Every structure is written in structure tokens, then in C-alpha cells.
Amino acid sequence: MIEIAGLALLRPYWLFALVLVAAMGLWFRHRATALGGWERAVDPPLLGALEHLGQVLPGPARVSWAPITAAALLAIALSGPATQSKNAETFQGLDGLVFLLDLSPSISEGAHFQEMLTNARLLSAETQSRRQALLVFGGDAYLANQLSHDSRSLGTTIALLDGGLLPDPGSRPERAIAQARSLLANASVLAGDLVLFSDGGGLGAHATSEAEAALAQGYRLHSLFVPGGDEDPESAAGARGLAQLADRGGGVSATFDDTSALSLALAEPATQRLGQGAFTALVWEDYGRYLLFLVLPAALLLFRRGA
């Protein structure tokens with residue numbers, strides 16, 4: 001789907017058919033002749049004799065633009081030109097955002113722990129129009145802030161986090177992703193985002209399976225890499241693992257010092273993401289079906305009988 005200045009194309013790939021329509025028009029024009037194609041149906045000697053007797057009266061070369069016009073209008077109609085429905089904003093309750101913060105010692109005792117918390121608070125403030133929740137995890141996952149529109153409360157909770165809160169050692173991101181999926185599903189969220197803040201610890205097949213399961217439910221998984229330390233030799237591997245996890249989860253990957261791509265992804269309006277699924281007819285007003293009425297006059301000309 002493409003949206004520009006309030007006008008969206010729900011099925012923009014149909015515009016490629018216009019290229020074929022243009023090629024068809026050029027072909028028709030090249031084939032048009034003054035004799036309307038009779039020179040290909042009559043033997044050349046016979047046609048020459050008829051011309052010599054004055055029985056052939058060439059007219060102007062004509063191209064029937066009716067099929068070309070009908071095909072072009074049909075392609076535009078199928079591309080789905082649409083505007084946002086007046087009731088689209090009522091579907092914001094079907095949207096949700098969950099922050100998953102790794103509080104394992106590798107991060108909480110590292111040099112960039114405060115930067116991670118700052119980034120989480122900034123992203124929360126930038127997306128305050130969405131319902132948000134906060135999960136923290138180490139060896140297990142815990143709900144720190146319930147799903148709500150109160151981004152200020154969530155920001156306060158983030159600011160109070162420290163590394164001594166969780167009793168479970170280790171890092172199990174798959175448990176945090178699974179709990180986030182359950183949280184969104186129980187809240188009837190259809191289009192959600194999960195943002196995983198981690199150094200890449202604990203990633204594996206289970207985390208990948210949870211990311212794919214989240215995407216199947218309509219929830220994108222994004223990642224924000226937080227290095228445990230400036231000299232950590234496993235930082236590069238952790239960053240690659242998080243990027244791969246975000247790719248499998250249909251999201252984007254970012255680092256603690258560059259969150260621009262992640263901010264853009266989270267700022268997408270809920271109506272745009274909801275409108276790409278089963279709720280398209282509710283979120284967008286599709287005018288393509290009305291354009292089909294313009295195809296009818298051009299199509300009727302195809303049945304016109306020549307003199």
C-alpha cells in the first residue's frame with residue numbers, strides 16, 4: 001500500500017499493468033493502416049488489380065482506442081485508490097506497543113545502561129498516542145507496566161529501573177516475546193509492535209520461533225542493540241543476531257546511538273497497518289469500484305458494428 005497526501009493506493013502493483021496497456025496502444029497504432037487490415041487478408045495480385053480498377057478507396061488510418069481506454073481505467077480501478085474512512089480513528093484500540101527491556105547483568109552493569117533507558121523513554125514519548133506496555137526480563141519475564149495510553153507513567157517506570165530488580169539470572173528474550181504476544185492477544189490487539197532492547201544475549205532458535213509467531217499474529221518485532229561494554233568481544237555477534245531476529249519478526253533493527261529507522265517504523269499510523277489486513281474495508285474507503293462505471297462506456301464501444 002502507498003499513501004501520499006491522504007490518498008492511498010491499496011493495491012499499487014496493478015499500476016504496472018499500465019505499462020502493458022501503453023505497449024498495447026503502440027502496437028495497435030503500428031498495425032493501423034489505411035485499408036483497415038484488408039491488405040493482410042486479400043492476395044496482393046488481387047488487391048493490386050482492384051486498386052487499378054478503382055475499386056479500393058483507402059481511408060485514414062484509424063486506431064480503436066476503446067479497448068486501450070477500458071484497460072487503463074480497469075488497471076487504475078484495481079489499484080484501489082482510497083481515502084481514510086471517517087471512522088478509522090475508532091480502531092486505534094486495536095493497536096499496541098510493548099517495550100521489552102533486558103535487565104540482565106551484562107547490560108545493567110554495562111556502560112550503556114542509562115542510554116538504553118533514555119532511548120526507551122524517548123521512543124515512548126514519540127509514540128504516546130499508542131497504547132503502550134513495558135516488560136522487563138532476565139532469566140524470566142515480568143510485566144512492569146500494563147497496556148495503557150499513559151505514556152508518562154510508563155516513562156516514570158522506565159526511569160526507576162535498575163539491575164537489581166530481577167531475581168532470575170540469565171537472559172531469556174523468548175520468554176519476554178511470548179509474554180508480550182499473550183498480552184497483546186488478550187487485549188484484542190490486531191496490529192502491534194514489540195521493541196526488544198538487548199545486547200543479543202540468550203538468542204537462539206526459541207527466540208526466532210517466538211518472533212515468527214508474533215509476526216503471524218500481526219505483531220512486528222523490532223530490536224535495539226545495546227552493547228554491554230565498549231570492549232565486549234561479543235558485541236558484533238550480538239548486533240548481528242538481533243538484526244536477524246528483527247528481520248524474522250518483520251521489524252527493523254537499530255542501535256542505541258541511531259534509532260531513526262525504528263522511530264519511523266513506530267510512528268506509522270495504526271490505520272495504515274490495520275488497513276493492510278482484514279480490516280481494509282473498515283479503515284479505507286475504496287473508490288476503485290466506482291471507477292469501474294467509467295470502464296463501461298469504453299467497453300460498450302467494443303461491441304460497435306462498423307458500417
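Treat the numbers as computed from the prediction; the structure is a model and nothing was measured.
Salt bridge present: R11 and D286 bring a charged side-chain N and a carboxylate O closer than 4.0 Å.
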Trace of the side-chain contact (heavy atoms from CB on, under 4.5 Å) decision for L101 with L117: CA-CA 9 Å; L101 270 64; L117 300 184; 3.8 Å; yes

Residue pair L78, L292: steps toward the side-chain contact (heavy atoms from CB on, under 4.5 Å) verdict: CA-CA 9 Å; L78 290 173; L292 292 177; 5.6 Å; no

From CA spacing to verdict: side-chain contact (heavy atoms from CB on, under 4.5 Å), R131, L97: CA-CA 6 Å; R131 288 196 298 168; L97 171 62; over 6 Å; no

Steps toward side-chain contact (heavy atoms from CB on, under 4.5 Å) verdict (L245, L221): CA-CA 8 Å; L245 184 67; L221 175 67; 3.8 Å; yes

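When all heavy atoms are compared, the tightest approach of R121 to G155 is NE-O, 3.5 Å. Here the shortest heavy-atom pairing between A187 and L147 reads CB-CD2, 3.7 Å. Closest approach of G241 to L203, counting heavy atoms only: C-CD1, 3.5 Å. Nearest approach of L194 to A180, heavy atoms of both residues: CD2-CB, 3.7 Å. Scanning both residues, D193 and H222, for their nearest heavy atoms gives OD1-NE2, 2.8 Å. Closest non-hydrogen pair, L291 versus P81, comes out as CD1-CG, 3.7 Å.
For the pair L103 and F113, the minimum side-chain heavy-atom distance is below 4.5 Å. Side-chain contact between Q179 and L183: absent, with no pair of heavy atoms (C-beta onward) separated by less than 4.5 Å. Between L123 and L224, some side-chain heavy-atom pair lies under the 4.5 Å cut-off. Between L135 and F137 there is no side-chain heavy-atom pair separated by less than 4.5 Å. Using a 4.5 Å cut-off on side-chain heavy atoms (C-beta onward), L73 and T69 make contact. Residues F197 and D102 form no side-chain contact, since every pair of their non-hydrogen atoms from C-beta on lies 4.5 Å or further apart. The shortest distance between side-chain heavy atoms of L100 and V195 does not fall below 4.5 Å.
Cluster annotation: Y290 and L74 are assigned to distinct hydrophobic clusters (Ile/Leu/Val/Met/Phe/Trp/Tyr, side-chain heavy-atom contacts under 4.5 Å, transitive). Each of L122 and V98 belongs to its own hydrophobic cluster when Ile, Leu, Val, Met, Phe, Trp and Tyr are linked at side-chain heavy-atom distances under 4.5 angstrom. Residues L215 and V252 do not share a hydrophobic cluster, clusters being chains of Ile/Leu/Val/Met/Phe/Trp/Tyr side chains in contact below 4.5 Å. Under the 4.5 Å side-chain heavy-atom criterion for ILVMFWY residues, no single connected hydrophobic cluster contains both V295 and L20.
Scanning for side-chain contact (heavy atoms from CB on, under 4.5 Å) contacts around L18 gives L15, A72, A75, I76, with sequence neighbours left out. When the side chain to side chain donor-acceptor pair (under 3.5 Å) test is applied to T157, the partners found at least two apart in sequence or on another chain are N145. Looking at residues two or more places apart in sequence or on another chain, you find a side-chain contact (heavy atoms from CB on, under 4.5 Å) between E115 and H112, F256. Every residue two or more places apart in sequence or in another chain was checked for a side chain to side chain donor-acceptor pair (under 3.5 Å) with D162, and none qualifies. Remark: Q128 engages no residue in a side chain to side chain donor-acceptor pair (under 3.5 Å) (not counting sequence neighbours). Under the rule for a side-chain contact (heavy atoms from CB on, under 4.5 Å), the partners of T156 that lie at least two apart in sequence or sit in another chain are L160.
Interatomic distance, CG of L190 versus OG of S188, reported as 7.5 Å (0.5 Å rounding). Interatomic distance, E212 CD to R248 CZ, rounded to the nearest 0.5 Å: 4.0 Å. Atoms CG and CG, from L154 and L134 in turn, are 5.0 Å apart once rounded to the nearest 0.5 Å. Going from atom OG of S171 over to atom CG of D140 covers 11.5 Å, rounded to the nearest 0.5 Å. The OG atom of S104 sits 9.0 Å away from the CG atom of L166 when rounded to the nearest 0.5 Å. Atom CE of M116 is separated from atom OG of S198 by 9.0 Å, given to the nearest 0.5 angstrom.
In this structure, S124 contributes its side chain and A120 its backbone to no donor-acceptor pair below 3.5 Å. The closest donor-acceptor contact from the side chain of T255 to the backbone of F225 lies at 3.5 Å or more, if one exists at all. Not one N or O on the side chain of R130 forms a donor-acceptor pair closer than 3.5 Å with the backbone of A267. In terms of modelled atom types and a separation under 3.5 Å, the side chain of S223 and the main chain of L242 share a donor-acceptor contact. Side-chain N or O atoms of R220 include one that pairs as donor or acceptor with a backbone N or O of A265 at under 3.5 Å. Side-chain atoms of Y219 come within 3.5 Å of backbone N or O of V189 as a donor-acceptor pair. A distance-only check finds no donor-acceptor pair linking the side chain of D247 to the backbone of A243 [under 3.5 Å].
Side-chain contact check for Q132 and T127: at least one donor-acceptor pair (N or O, by modelled atom type) lies under 3.5 Å.
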